[in-house]
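Order of the sequence lines sets the chain letters (A, B, ...), proteins ahead of strands, with each chain counted from 1.
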Number of protein chains: 2
Amino acid sequence: MSKSLENKEFGVKEIARLANVSIATVDRVLHNRKGVSEATKKRINDIIKEFDYKPNIIASRLASKRTSTFAVLIPSSTETGFWEAPLSGIDRASKNLKQYGITVRKFFFDLNDKNSFLKQVAEIMQLQIDGILVAPSFIEEATQLASICGERKIPYVFINSDVPGQNSVCYIGPHLFCSGYQAAQLMDFAVKSGKILVINVSKELDQYHHLLRKEEGFRAYFEKNNRKLEILKIDIKKTDASSIAFALDEVLTKEKGVEGVFVTNSRVSSVAHYFEQKGMDKVLIGYDFLKENIKYLELGLIQFLICQKPEEQGYRGIMTLHRYADLNERNIEDQFMPIDIVTKENYRFYHN
Amino acid sequence: MSKSLENKEFGVKEIARLANVSIATVDRVLHNRKGVSEATKKRINDIIKEFDYKPNIIASRLASKRTSTFAVLIPSSTETGFWEAPLSGIDRASKNLKQYGITVRKFFFDLNDKNSFLKQVAEIMQLQIDGILVAPSFIEEATQLASICGERKIPYVFINSDVPGQNSVCYIGPHLFCSGYQAAQLMDFAVKSGKILVINVSKELDQYHHLLRKEEGFRAYFEKNNRKLEILKIDIKKTDASSIAFALDEVLTKEKGVEGVFVTNSRVSSVAHYFEQKGMDKVLIGYDFLKENIKYLELGLIQFLICQKPEEQGYRGIMTLHRYADLNERNIEDQFMPIDIVTKENYRFYHN
DNA sequence: CTGAAAGCGCTTACAG
DNA sequence: CTGAAAGCGCTTACAG
C-alpha cells in the first residue's frame, strides 16, 4: 500500500476558489438546487466541464448519510424452491448496499392466490419506498401495481417475466421465446425420430401465460428448420404427482412412439419421476437448476436443463433500482438472461 | 430518500468514551498497531466485541486515502482475440476500484516468446506492487515468477491455466479435464456413428500443455460410458490456414468416416473454414466466444462452442487481489468457471 | 504508552 | 442569492 501523493484531488473547494464563490454555492449547482444566479451557475458549470470534475462518492455518502428503501415483491418459496435463488441474489445485493445506507424490505405473495398479491401491494404502499422490484406473476394485478406506482412516481423493475406496455424501469429475466427455441435445437440433436411431447404444468394457464411463449419458441424452431416431427402437447393444471401421472398415462397410452419430452418449466422433475417409476427411457428437457432436477440429471433421466440465472435476476433487480434511484441513471435497458444449458457433465460448475 | 435518524452509529468515538481513552488509541487497537498496553487493549477489544462494532469503510477510505497498485501480466492480444475478454474484465474491475484509490498496471507478453514473459517480470519487479495477476502460459517461467513473489511477499493469482504446487492466492479459470468431458457428451449426442477426430492446434505443445488435459477429459467420457467409437488425433504445431489445411487433408484422406471433430481450443474457426472450403459437413465442437467462431456457429458449421467466461476471469482476478491485499481476506478458494455451452440458438444471450 | 487536533471531500442547517 | 461553520466517522502526524 502507498499513499496517493500527486494528484491532490480537484474538488468542490478548488471549484469554489476558481469561481470566486463558497463551496456551498458549488454544492447547489452540483445538485441543481435553486437559489443561484444564472451568472454564477454558468461560471461554475463551465469550470466543472473544463476540468471534468467527478464528485467523490465516498465523501458525498459520508457527509449526506442519505438512505433509500426498496421493496421486493416476489412469490413465497414453493415446493419447487425456484424462488429461493432470486431471493438469495436479492440478499446478496442488499448486503452489498447496506454500507451505503440502503435498506431492502421483502414481501411475499402466494402463487396460488392473486389476492395475496394485492394485499402485499397495499402493505407496501403504507411505507415510504424509493422503488419496487416485482415478479409480475399475475398480469392484471401487476398492471394495477404499475399504475399506482405511476401515480406516486415510484420506480419499479420487473423480474422473471415481463408485462409489456408498462412504464417499468426495465425488465430483467429470460427471453422466453428464445429459450424455447434453444430447447428445440437440443431436442433435435438428441432425438432422431419419433414424436415429441410438450408439457405445460401450471395451475394458472390462461392464454397469456408466459409458459406458452416458450412453447411457441419450441415449435418455431421445428418449423423454421423444416423438421416434420409430430409435436403433441398437454396442459396439466394440477401439480401433484398423481395428477401428472394420470395425464401422462393417458397421453402415452394413446400416442405411441414419443421419443422426446419438453417440459416448459421446473416441473420437469415430476415427469422424470414418472419415467423412473415406469422404467421409460426418453429424451427429457426442462427448466431450472433445482435439487430435484439435478438429481434426475445425474441419474440420466433428464438430458438437458435450461437455466436462466435466477440468483442474478434478483441481484440485478436490486442493483438496477439502486442505479436508478440513487445514482440517477436513466434509459436503463432490459436485461435478458443467458440461456444456460446444464447437463450431467457441467452442472457441478454452474453458477446459478 | 430519507435520513437515517435513530441508530446514531456506534463508532470509535463511542468506544473511546466507554474505554476512557482517546480515539487514537482505539484506532491503534483496531489496526493491531503496537504501542498500547495490554490492559487498555483488552478493555477496548471487549467493548468492540460486546457491541459488535463494524468500522465504517466509507469513512475509513476517505480518511486514509490508502491506495494499492496491482500488476497484470497476460498475453498481448493475438489474432484469435481471446485475451481481449479477460482484459476487458480487468478494466471493468479497475474502473470499479479506482474510486477506492486502487491502480492496475498492465503488462503484456508474447505467447510465442518465453523471454518476453521474463522481461515483463523484470519490469514489474522495478515497481512497488501490492499483487500480481498472471496468466502462467509458460510453466517454467511462471514458476520463476512465483518464487520471486515468494521472496518479496507479493501475492499472486493465476488465471486461465494453473500451475499447481505453487503458493498462489488462488487459481481462477476452467477445470480443463471436465470441460473436455463435457465436449465429449455433446459429441455423443450429436454423432451417432463414425469416427471422432481430436485436434490440438498450438505452437507450444509440450507434454504438460494444458490443452492435453482437455483431450484427456474428452477421452475419459467415452471410456467411462463404454462408447466404442474410434478416436483419432492430430497435433498441429503451426497456426496458419495452409498448415492446418495440409494437416487436415492428410488425415481425412487416410481416414474415412470421420463424423465428429473436437478442437481443443479457440482455433476451431480455422477448421470450420476448411470444412466450408471443402463443402464438408461434420459435427464440429470447439472453444471460445470469438467473432470468427460465432460466425461459423451462425453458419451451422460449428455445432457447439464451450466458453468459460474469459471476461469474468479477468474481473475476478483483480477483485481477488483486492480482497486479499486490501480487505485482508485469507483462505481464498480456487474459482472454477462454469462450462458454458454456446449454440446457434443461444449465443445472442451469452454473457461473456 | 497515550491524546489533541487537523484533515479526508463532501453536505447541511443557519444566518444574512 | 450567497457564505461561514460544523459535521459525517475515520486516520494521521505530532507532541508528550
Side-chain angles (χ1 to χ4, degrees), chain A residues 1-45 47-48 51 53-67 98-101 326-328, chain B residues 1-45 47-48 51 53-68 98-101 326-327:
Chain A
M1 311 244 187
S2 54
K3 295 318 203 68
S4 68
L5 310 164
E6 1 65 76
N7 51 347
K8 119 188 251 303
E9 306 305 328
F10 175 85
V12 279
K13 210 188 285 178
E14 187 63 8
I15 298 175
R17 201 180 59 76
L18 291 172
N20 251 312
V21 294
S22 72
I23 55 173
T25 299
V26 173
D27 194 67
R28 286 183 188 99
V29 173
L30 245 23
H31 296 88
N32 275 316
R33 269 184 245 108
K34 54 193 157 194
V36 185
S37 72
E38 279 305 318
T40 50
K41 190 169 175 179
K42 176 159 177 13
R43 203 148 25 99
I44 292 171
N45 273 326
I47 295 170
I48 288 173
F51 291 87
Y53 166 72
K54 296 269 179 283
N56 181 324
I57 317 171
I58 301 211
S60 151
R61 282 244 146 72
L62 177 61
S64 72
K65 311 202 86 189
R66 200 184 292 121
T67 64
K98 199 181 161 191
Q99 56 173 311
Y100 301 119
D326 301 324
L327 307 180
N328 256 307
Chain B
M1 311 244 186
S2 54
K3 294 318 208 65
S4 68
L5 310 163
E6 2 63 80
N7 51 350
K8 116 190 250 304
E9 305 303 329
F10 175 84
V12 281
K13 211 189 284 179
E14 187 64 8
I15 299 175
R17 201 182 58 77
L18 291 172
N20 249 313
V21 293
S22 73
I23 55 173
T25 299
V26 174
D27 194 68
R28 286 184 188 100
V29 173
L30 245 24
H31 297 90
N32 276 316
R33 271 186 243 107
K34 55 193 154 193
V36 185
S37 73
E38 280 306 318
T40 50
K41 189 168 174 176
K42 177 160 177 7
R43 203 148 25 99
I44 291 171
N45 273 326
I47 294 169
I48 288 174
F51 291 86
Y53 166 72
K54 295 269 180 284
N56 180 325
I57 317 171
I58 301 211
S60 152
R61 283 245 147 73
L62 177 61
S64 72
K65 312 203 84 185
R66 201 184 291 121
T67 65
S68 316
K98 199 181 162 191
Q99 56 173 311
Y100 302 119
D326 302 325
L327 307 179

Rounding to an integer number of Å, can you tell me how far B:N56 CG sits from D:dG9 P? 7 Å
Tell me the interatomic distance from B:H31, atom NE2, to D:dC10, atom C1', rounded to whole angstroms. 9 Å
How many whole angstroms separate atom CZ of A:F10 from atom C1' of C:dG9? 13 Å
Do the side-chain N or O atoms of A:Y53 get closer than 4.0 angstrom to the phosphate oxygens (OP1, OP2) of C:dG9? no
Could you state the CG-C1' distance from B:L30 to D:dG9, rounded to the nearest angstrom? 11 Å
Closest contact, heavy atoms only, A:Y53 versus A:F10: CD1-O, 3.4 Å
Which atoms form the tightest heavy-atom contact between A:N56 and A:A59, and what is the distance? OD1-N, 3.0 Å
If every non-hydrogen atom of A:A16 is compared with every non-hydrogen atom of A:S22, which pair is closest and at what distance? CB-C, 3.8 Å
Contact list (N/O, under 3.5 angstrom) for nucleotides 3-5 of chain D vs protein:
from: D:dG3; atom 1: OP2; to: A:S22; atom 2: N; distance (Å): 2.8
from: D:dG3; atom 1: OP2; to: A:S22; atom 2: OG; distance (Å): 3.4
from: D:dG3; atom 1: OP2; to: A:T25; atom 2: OG1; distance (Å): 2.9
from: D:dG3; atom 1: N7; to: A:R28; atom 2: NH1; distance (Å): 3.4
from: D:dG3; atom 1: O6; to: A:R28; atom 2: NH2; distance (Å): 2.4

Using the side chain to side chain donor-acceptor pair (under 3.5 Å) criterion, which residues pair with A:K41? Sequence neighbours excluded. none
Taking only residues two or more places apart in sequence or in another chain, which ones pass side-chain contact (heavy atoms from CB on, under 4.5 Å) with B:A19? B:V21, B:R43, B:I44, B:I47
Side chain to side chain donor-acceptor pair (under 3.5 Å) partners for A:S60, two or more places apart: none
Residue list, side chain to side chain donor-acceptor pair (under 3.5 Å) with A:K13, at least two apart or on another chain: none
Please work out the stems of DNA chain D from pairs that are Watson-Crick or G-U wobble with both distances under 3.5 Å, keeping only runs of three or more consecutive pairs. C:1-3 with D:14-16, C:5-12 with D:5-12, C:14-16 with D:1-3
Test side-chain contact (heavy atoms from CB on, under 4.5 Å) applied to B:I15 and B:V29, B:V26, B:N45, the passing residue: B:V26
Value in whole Å for how far the C1' atom of C:dC10 lies from CD of A:E14: 15 Å
Check the distance between D:dG7's P and A:L62's CG and give it to me in whole angstrom. 14 Å
Would you name the heavy atoms of A:K34 and A:R28 that are closest together and state the gap between them? O-CD, 4.3 Å
Considering only heavy atoms, which members of residues 32-44 of chain B lie under 4.0 Å from some atom of DNA chain C? B:G35, B:V36, B:S37, B:T40
